[in-house]
Amino acid sequence: MNAQTIVTPAGERLVLIPEAEYAALIAAAKDAADNAAFDRIEKRLASGEEELIPSDIVDRLLDGENRVRVWREHRGLSAKQLAEKAGIAKPFLSQIETGKREGTVDTLRKIADALSLTIDDLVG
């Protein structure tokens, strides 16, 4: 590295390097940060803290489909299975999925827990 050190009148030491070397250092720092972020996500995926969501599920959610139904189907559960797992009546779950009823925060929390989601995933 072609560096030159200078001292300011206040005694501060500064290092001067060619601009191309500076740009290379910045690029290397960005690569290191990207690699660290990738490693963190990879660990969270391996531990189950994060999950990859298929694009068709994301598309359905973005298109405004009922979130409870989309997540239930993604998890491979029938309405009966989800209702039992959440401790609610199947007709009530059906009404939530069709939009006839909204469900209380407590009910949505039970559904979210049964689907291994946060409540924000259902109401976001």
Side-chain angles (χ1 to χ4, degrees):
M1 180 175 287
N2 185 15
Q4 177 185 2
T5 304
I6 60 172
V7 179
T8 67
E12 183 180 17
R13 293 176 53 85
L14 303 176
V15 177
L16 301 176
I17 60 173
E19 187 174 5
E21 290 181 22
Y22 172 77
L25 286 173
I26 295 298
K30 286 181 182 178
D31 287 347
D34 289 345
N35 289 337
F38 176 82
D39 290 343
R40 284 191 303 274
I41 289 294
E42 198 170 51
K43 286 178 186 173
R44 290 176 60 90
L45 286 168
S47 72
E49 293 176 74
E50 292 284 341
E51 70 176 298
L52 297 177
I53 303 168
S55 63
D56 62 313
I57 298 301
V58 173
D59 290 341
R60 290 176 66 192
L61 293 169
L62 292 174
D63 287 343
E65 281 191 52
N66 181 278
R67 290 174 173 267
V68 174
R69 177 180 288 135
V70 171
W71 282 108
R72 174 180 61 76
E73 291 174 355
H74 175 61
R75 297 287 193 242
L77 297 172
S78 69
K80 180 181 177 187
Q81 290 170 318
L82 177 56
E84 288 173 359
K85 201 170 175 184
I88 63 173
K90 183 183 173 291
F92 185 38
L93 176 63
S94 177
Q95 290 173 338
I96 291 171
E97 287 189 356
T98 59
K100 292 179 182 170
R101 293 183 68 183
E102 289 188 14
T104 64
V105 171
D106 185 51
T107 299
L108 292 174
R109 186 172 288 116
K110 289 178 183 179
I111 293 169
D113 288 345
L115 292 169
S116 300
L117 301 169
T118 67
I119 195 166
D120 290 337
D121 293 321
L122 295 181
V123 298

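Pairing each heavy atom of N2 with each of P18, the nearest pair is O-CD, 2.9 Å. Residues A79 and L93 share a closest heavy-atom pair of O-CD2, 3.2 Å.
Y22 and L16 are members of different hydrophobic clusters when ILVMFWY side chains are connected at heavy-atom separations under 4.5 Å. Both V68 and L62 are part of a single hydrophobic cluster, where members link through side-chain heavy atoms under 4.5 Å apart.
In this structure the side chain of L77 reaches within 4.5 angstrom of the side chain of L115, judged on heavy atoms. Residues L25 and E21 form no side-chain contact, since every pair of their non-hydrogen atoms from C-beta on lies 4.5 Å or further apart. Counting heavy atoms from C-beta on, the side chains of T98 and N66 never come closer than 4.5 Å. Looking at L117 and R75, their side chains come closer than 4.5 Å, going by heavy atoms from C-beta outward.
Remark: S94 OG to K80 NZ distance equals 14.5 Å, nearest 0.5 Å. Taking CG of D31 as the reference point, atom CZ of F38 lies at 13.5 Å (rounded to 0.5 Å). Atoms CG and CG, from D39 and D34 in turn, are 11.0 Å apart once rounded to the nearest 0.5 Å. To the nearest 0.5 Å, atoms CD1 (I96) and CD1 (I111) are separated by 4.0 Å. Distance check: I119 CD1 to R109 CZ gives 5.0 Å after rounding to the nearest 0.5 Å. Distance check, rounded to the nearest 0.5 Å: CG of L108 to CG of D113 gives 11.0 Å.
Atom CD of E19 sits in a sparse spot, with 12 or fewer heavy atoms from other residues, nucleotides or ligands closer than 6.0 Å.
Here the side chain of R67 pairs a donor or acceptor atom with the backbone of D121 at under 3.5 angstrom. A donor-acceptor pair under 3.5 Å is absent between the side-chain atoms of D63 and the main chain of E65, judged by distance alone. For the pair Q81 (side chain) and S78 (backbone), a donor-acceptor distance under 3.5 Å is present. In terms of modelled atom types and a separation under 3.5 Å, the side chain of K90 and the main chain of A83 share no donor-acceptor contact.
A salt bridge between R60 and D56 is absent, with no side-chain N of the basic residue lying under 4.0 Å from a carboxylate O of the acidic one.
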